[in-house]
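To start, the structure itself, in C-alpha cells.
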Amino acid sequence: MKQPGWQSLLSFSILFLACLAGFSSRLFAVIRFESIIHEFDPWFNYRSTHHLTTNGFYEFLNWFDERAWYPLGRIVGGTVYPGLMVTAGLIHYVLNLLHITVHIRDVCVFLAPVFSGLTAISTFLLTRELWNQGAGLLAACFIAIVPGYISRSVAGSFDNEGIAIFALQFTYYLWVKSVKTGSVFWTIGCCLSYFYMVSAWGGYVFIINLIPLHVFVLLLMQRYSRRVYIAYSTFYIVGLVLSMQIPFVGFQPIRTSEHMAAAGVFALLQAYAFLQYLKDRLTRQEFQTLFFLGVSLAAGMVFLTVIYLTYTGLYVRLLTCYAKIHIPIIASVSEHQPTTWVSFFFDLHILVCTFPAGLWFCIKNINDERVFVALYAISAVYFAGVMVRLMLTLTPVVCMLSAVAFSSVFEHYMGDDTKREKPPEKAEEGLGPNIKSIVTMLMLMLLMMFAVHCTWVTSNAYSSPSVVLASYNHDGTRNILDDFREAYYWLRQNTDEHARVMSWWDYGYQIAGMANRTTLVDNNTWNNSHIALVGKAMSSNESAAYQIMRSLDVDYVLIIFGGVIGYSGDDINKFLWMVRIAEGEHPKDIRESDYFTPQGEFRVDKAGSPTLLNCLMYKMSYYRFGEMQVRRGALTPPGFDRTRNAEIGNKDIKFKHLEEAFTSEHWLVRIYKVKKLDNREPLDHKLRSVVPKQKYTSKKVPLMLGGEFALQVWRDSFRFS
Amino acid sequence: MASVWVKSIANLPVLSVFLLLVLCLPPGGGQKKKENLLSEKVDQMMEWSSRRSVVRMNGDKFRRFVKAPPRNYSVIVMFTALQPQRQCSVCRQANEEYQVLANSWRYSSAFSNKLFFTVVDYDEGADVFQQLNMNSAPTFMHFPAKGKPKRADTFDLQRIGFASEQLAKWIADRTDVQIRVFRPPNYSGTIALALLVSLVGGLLYLRRNNLEFIYNKTGWAMAALCVVFAMTSGQMWNHIRGPPYAHKNPQNGQVSYIHGSSQAQFVAESHIILLLNAAITMGMVLLNEAATSKGDVGKRRIICLVGLGLVVFFFSFLLSIFRSKYHGYPYSFLIK
C-alpha cells in the first residue's frame with residue numbers, strides 16, 4: 001500500500017465491520033424473544049439503574065433498599081460498583097436531552113453489545129501497540145465474535161463484566177502507551193480509565209496486580225528506564241487516590257493484601273531510581289559500600305514481601321472471590337468451578353491452540369510492552385484454569401496473541417513476491433506461489449470455521465434469557481414458556497404492596513425487579529445465616545417451617561417446579577444445597593443424611609426418605625401433582641415427575657398452615673400463601689367429656705385444670721348436668 | 001451371631017474365669033466387682049492412650065475393652081488394613097487423618113477418659129471383621145458408652161470423606177465431645193520451595209562465569225508455553241478434582257481414554273489434548289520459520305508443509321474429539 005489514505009480507510013472500515021458484527025451477533029435473544037433483561041444479577045442492576053434515573057445520582061448513592069433482605073435491608077449505594085448504572089443512566093440522560101426518548105430498559109439491554117464494539121476498538125489499539133496494524137485488525141475481529149466474551153455481553157445481560165472488559169483493555173492500552181512514551185498525559189489517561197474500571201467491576205484487582213508485576217519484571221530484566229519510572233509513579237499515586245473515591249472500595253487499596261504488591265513495587269521503584277541517581281554522583285568505591293550496606297538489607301526485604309504479598313494476595317482473592325461467604329454457597333455456584341479443556345475449546349475454539357504461538361513470537365522478539373502481554377497471558381491463563389468465570393479475563397489476551405500468530409503467517413504467505421517494492425535478491429528466496437496460496441487458503445478456512453463456531457455457540461448456548469424459556473416441537477415450531485413473568489406479574493397485581501415473599505436466593509433479584517415485592521434473601525449472598533434460615537424453613541416439616549416463616553413475617557412462598565415440563569433447574573434439584581447450607585448453621589435440626597435413602601440416594605419416589613417426603617419444599621412442589629397425568633396418552637402414572645423420571649412417593653399432600661395461591665400455566669412457578677394465625681388455636685385432641693356422677697360439682701375441680709380450656713370443660717360439665 | 005460370641009468368649013481364659021467368678025459371687029459383690037473391673041479397664045485404656053494416641057487392638061482386646069459391657073467411655077474404632085501387602089492406599093490416607101484427629105484429642109486440654117481412639121487392623125483381628133460382618137476397609141465406628149451401636153454410629157465414609165474435620169464433626173454429633181482439629185503445620189511445601197531456591201541459586205553460582213543462559217529467550221518462551229499448555233488442557237481441573245487416569249469398562253475390558261461427557265475429563269485425555277495443542281502451536285511456529293529463515297528452499301518447503309500438516313491435521317483431530325464429547329455439535333473438519 002503506497003497511499004496511507006487507503007490504508008486508514010481500509011482499517012477504518014474493517015474496524016467498523018468488526019464492531020457491527022460484534023453488535024449484531026449479540027442480538028439473537030432480542031430477535032427471538034424481545035428486548036428483555038436476562039437472568040438474575042442483571043435484574044438487580046436494572047432495578048438500581050431505574051432507581052438512579054428516577055431519583056437522581058445522590059439519592060442513588062444514599063439508597064437504602066428496605067425491600068431486600070427483610071427485615072435487615074441493604075445499603076445499596078455503598079455495596080455496588082456504580083459504574084454500570086451510571087453509564088446506562090448517563091446514556092439515557094444524553095439521549096433524552098437530544099429528545100430521543102428511549103426507555104431505560106432498552107438502554108440497559110443494548111449497553112453490553114455497544115460496549116463490545118468499544119472493546120473491539122481498544123483491543124485493536126492495544127494490539128497495534130504490541131505488534132502491528134494487521135494484527136490489531138485481526139484481534140478486533142476475534143474479540144468481536146469470540147464466545148468467551150459474548151457469554152457475558154449478549155443483549156440483555158446487563159452486567160458489570162459487559163463494560164468492564166472494555167475498561168480493562170483500554171486501561172492496558174493506555175498503560176502500554178505511557179510505558180512506551182513516558183508521558184504524563186498518557187498516564188493520566190490510564191488512571192482515568194483505571195478509575196472507570198474500579199467503578200465498574202471488582203476485577204480491577206487484576207489490573208492493580210498486573211501492572212506492578214510488569215514493572216517488577218522490567219526491573220529484573222534490567223529494562224528500567226525513566227519512562228517506566230514516570231509511568232508507574234504517576235499511575236500508582238493518581239490511580240490510588242481515584243480508586244478510593246468509589247464508596248464500595250473505600251480504604252481497601254491501602255489496607256487489603258491484594259493491593260500491597262502495588263505499594264511494594266512503588267517503594268522498590270523509588271529505591272531503584274534513587275540508586276541510579278547516586279550511581280552518577282558517587283565514586284565507584286563509595287557507591288559499592290553504600291550499595292552493599294543499604295540495598296542488601298532493604299531491597300531483599302522488599303523483594304520478599306512483594307513476592308509473598310503478590311502470591312498470597314492473588315491466591316486469597318481467588319479463594320474468597322465472591323465476598324467472604326460460606327463455603328457451601330460458593331460451591332453451589334457453578335461458575336466457581338475449575339475449567340476443563342472442553343470449556344476452553346468451547347469458548348475460544350482455534351484461538352486456544354494458536355495463541356501459544358503468538359506468545360512464542362512475542363517472547364522471541366521481546367521489548368517492554370511484549371513483556372506486559374506475556375505476563376498478562378500467563379497470569380490470565382492460570383486464573384482461567386482455576387475458575388470458569390475468569391475465562392472472561394483470558395479471552396482478550398488470547399484474541400490478541402492469536403491475532404499476532406495469524407497475522408505473522410498471513411504477512412509471509414499472503415503477499416505477492418513480484419509486486420514487492422524490493423524484489424527478492426535471490427531467486428530461491430520465495431517458497432513458490434502454490435504453497436503460499438495453499439497455506440493461505442487453509443488458514444482462511446480455519447478462520448471461517450472459527451466464525452461459524454462462534455455463531456453457533458452464541459446462538460445455542462449464550463442467547464437464552466432464562467426468564468423466558470422456549471421449547472421446540474418436532475416440526476420446528478416453537479413454544480414460549482413465559483411462566484416466570486406470568487407469576488411475577490401475578491404477584492405484582494394481586495398481592496399487597498408490602499407483602500414479603502420467601503424464595504430461594506436465586507430468585508430474589510427477579511422478584512424484586514419484576515414483581516416489586518419484598519424478598520428475604522437474594523443473589524447478593526452476603527448474609528449466610530439468613531439464607532440458612534430460609535433453607536431450614538424449606539427443608540423442615542410444615543409446622544416447624546411455619547414457626548420460622550411466622551418469625552420472618554413471610555406472606556408468600558415462591559418455588560420453582562419443573563416436574564411438569566422437565567425443567568432441570570428447579571428447586572427440588574437445588575434442594576440438597578438448601579439442606580447443606582441449613583445444616584451448616586443449624587446442625588442440630590437439619591441433617592443432610594436424613595434426606596437420603598439408606599443406600600445414599602436422593603429419590604423423590606416411594607423409596608425416598610420420609611424426611612424428604614414430608615418437608616415443606618417437597619410438599620409445595622408436589623401439592624396436587626399426584627392427581628395430574630403429565631403426558632396424556634403415554635403410559636405414565638399420575639404424578640410422574642418428568643425432570644427426575646420418577647413417580648412421586650407422597651401423593652396425598654395436605655396443608656395446614658399454607659394454601660395454594662397461584663400456579664403458573666406449566667406449573668413452573670408455584671406460589672403459596674402463608675395463613676395468618678387463627679383467632680384461637682384449634683385443639684388437637686377431643687374435648688374431655690366430663691359426665692358428672694353427681695348433680696353437684698365442686699367449682700374448684702375444673703379451675704385446677706387451668707386456663708381457657710379448663711373453663712370450657714367446666715361450662716360443658718354444666719351443660720351435661 | 002450369639003453362638004459365635006459365646007464361643008469366642010470361651011476361648012479367653014481370663015474372661016471365662018471372670019465369668020465364672022461373676023456367676024459364683026453374690027449379687028452385691030458382683031456390683032462391686034463390676035466397678036473394680038470398670039476402673040481397671042479405664043486405667044488400662046488411659047495408660048495405652050497416654051503412650052500412643054491411637055490404641056492398637058487385636059481381637060481379644062477389642063472384645064474385652066470395646067464390646068464387653070461395663071463401660072462408661074465411648075470408643076471410636078477404625079477398621080483398616082494397613083499392611084503393605086493389602087495395597088490399600090485409601091486406608092493409609094484415612095489413617096493419617098485419623099492420627100491427626102487422635103493427636104488433637106490426646107493433646108487438647110479437654111482430654112479425658114470419656115473417649116478413646118482405637119484401631120483394628122485386618123491382619124491382627126480378622127475375627128473382629130467377621131464378627132461385625134464387615135467387608136470393607138477403612139470403616140469408622142463409634143461404640144457408645146451405653147447400648148449397641150446404631151446405624152448412625154458408622155461413619156458415612158462414601159459421602160462425607162475422611163477429613164479429620166468431618167470426623168470431628170461426626171464425633172461431636174455422636175458423643176458431645178468437641179475436638180478442635182489441630183493439624184501439624186505442613187512444612188513439606190516450604191522445604192520444597194527452599195530446596196528449589198537453593199538449587200537454582202547453587203546452579204547460578206556454579207555457572208556464574210557464564211550467565212548467558214538466563215538471557216536465552218527460547219528457554220523462557222518454552223517455560224511460558226508449558227504453563228499455558230498445562231492450563232488450557234485442564235491440568236488444574238485434574239489437580240482439584242482428581243479424576244482417574246482412564247476408564248476401564250469392567251464388562252469387556254475396553255479402556256476408554258476420553259470421557260463421554262463434556263463436564264468431566266480423564267487425566268489421559270488432558271495429556272492427549274496437551275499434545276494436540278502443542279502440535280498445533282508448533283505447526284504455526286514452523287510455518288513462520290519456513291517463511292523467515294534463510295536456507296535451502298527445498299528444506300524450507302518441507303518445513304512449511306510439515307507445519308501446515310500439523311496445524312490442519314491436529315486441529316481437525318481436536319475438533320473431532322470435541323465433537324464426540326459435546327453432543328449435538330454439528331461441525332467437523334477432515335475427520336468426522
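Any value given below was found using the heavy atoms of this structure, including those in side chains, with hydrogens, waters and symmetry copies removed. Naming convention: chains lettered A, B, ... in sequence-line order (proteins, then strands); numbering from 1 in each chain.
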Carefully, step by step, assess B/Y329 and A/H453 under the rule side chain to side chain contact (heavy atoms under 4.5 Å, CB included).
CA-CA 9 Å; B/Y329 184 74; A/H453 170 90; 2.6 Å; yes
Supply the atom-to-atom distance [X] [atom1] to [Y] [atom2], rounded to the nearest 0.5 angstrom.
{"X": "B/K217", "Y": "A/I363", "atom1": "NZ", "atom2": "CD1", "answer": "10.5 Å"}
{"X": "A/S408", "Y": "B/N288", "atom1": "OG", "atom2": "CG", "answer": "4.0 Å"}
{"X": "B/K169", "Y": "A/E583", "atom1": "NZ", "atom2": "CD", "answer": "4.5 Å"}
{"X": "A/M449", "Y": "B/S332", "atom1": "CE", "atom2": "OG", "answer": "7.0 Å"}
{"X": "A/S402", "Y": "B/M284", "atom1": "OG", "atom2": "CE", "answer": "7.5 Å"}
{"X": "B/W220", "Y": "A/K364", "atom1": "CH2", "atom2": "NZ", "answer": "14.5 Å"}

Leading residue by heavy atom contact count with chain A [cutoff under 4.5 Å; candidates [options]]:
{"options": "B/I273, B/V227, B/I240", "result": "B/I273"}
{"options": "B/H239, B/E269, B/Q265", "result": "B/Q265"}
{"options": "B/L319, B/L276, B/L305", "result": "B/L319"}

Per-residue contacts, residues 341-351 of chain A versus chain B, heavy atoms under 4.5 Å
A/W341, A/V342, A/F344, A/F345, A/F346, A/H349, A/I350
Can you name the nearest heavy-atom pair linking B/W237 to A/P338, along with the distance?
CD1-O, 3.4 Å
Side chain, backbone, both or neither: which part of [X] has an atom under 4.5 Å from a heavy atom of chain A?
{"X": "B/F322", "result": "both"}
{"X": "B/S261", "result": "neither"}
{"X": "B/A230", "result": "neither"}
{"X": "B/Q263", "result": "backbone"}

Would you say the side chain of [Y] lies within less than 4.5 Å of the side chain of [X], judging by non-hydrogen atoms?
{"X": "B/V228", "Y": "A/F355", "answer": "yes"}
{"X": "B/N277", "Y": "A/P356", "answer": "no"}
{"X": "B/M222", "Y": "A/W360", "answer": "yes"}
{"X": "A/T340", "Y": "B/S262", "answer": "no"}

Tell me whether the count of non-hydrogen atoms from other residues, nucleotides or ligands lying under 6.0 Å of OH in A/Y472 goes above 12.
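Yes, OH of A/Y472 has more than 12 neighbouring heavy atoms, counting only those of other groups under 6.0 Å.
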Exceeds 12 heavy-atom contacts within 6.0 angstrom, atom CZ of B/F317:
no
Picking from A/N365, A/I378, A/V452, which has the most non-hydrogen pairs under 4.5 angstrom with chain B?
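Heavy-atom pair counts peak at A/V452.
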Report the C-alpha separation of A/M445 and B/F333 in whole Å, then their side-chain angles, then the decisive distance to 0.1 Å, and conclude whether the side chain to side chain contact (heavy atoms under 4.5 Å, CB included) test is met.
CA-CA 10 Å; A/M445 214 155 148; B/F333 186 59; 3.6 Å; yes
Working for side chain to side chain contact (heavy atoms under 4.5 Å, CB included), residues A/L446 and B/V311
CA-CA 10 Å; A/L446 290 182; B/V311 173; 3.6 Å; yes
For A/M443, is it the side chain, the backbone, both, or neither that has a heavy atom closer than 4.5 Å to a heavy atom of chain B?
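Just its side chain gets close to chain B.
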Interface moiety of A/Y413 toward chain B, non-hydrogen atoms closer than 4.5 Å
side chain
When you measure from the side chain of A/T339 to the backbone of B/G234, do you find a donor-acceptor pair of N or O atoms at a distance under 3.5 Å?
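Flag not set: sc A/T339 to bb B/G234 has no pair under 3.5 Å.
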Sequence-distant partners of A/R603, salt bridge (charged side-chain N to carboxylate O under 4.0 Å, His left out), two or more places apart:
A/E601, A/D605
Decide side chain to side chain contact (heavy atoms under 4.5 Å, CB included) for B/C304 and A/V439; before the verdict, give the C-alpha distance in whole Å, the side-chain angles of both, and the deciding distance to 0.1 Å.
CA-CA 9 Å; B/C304 169; A/V439 170; 3.9 Å; yes
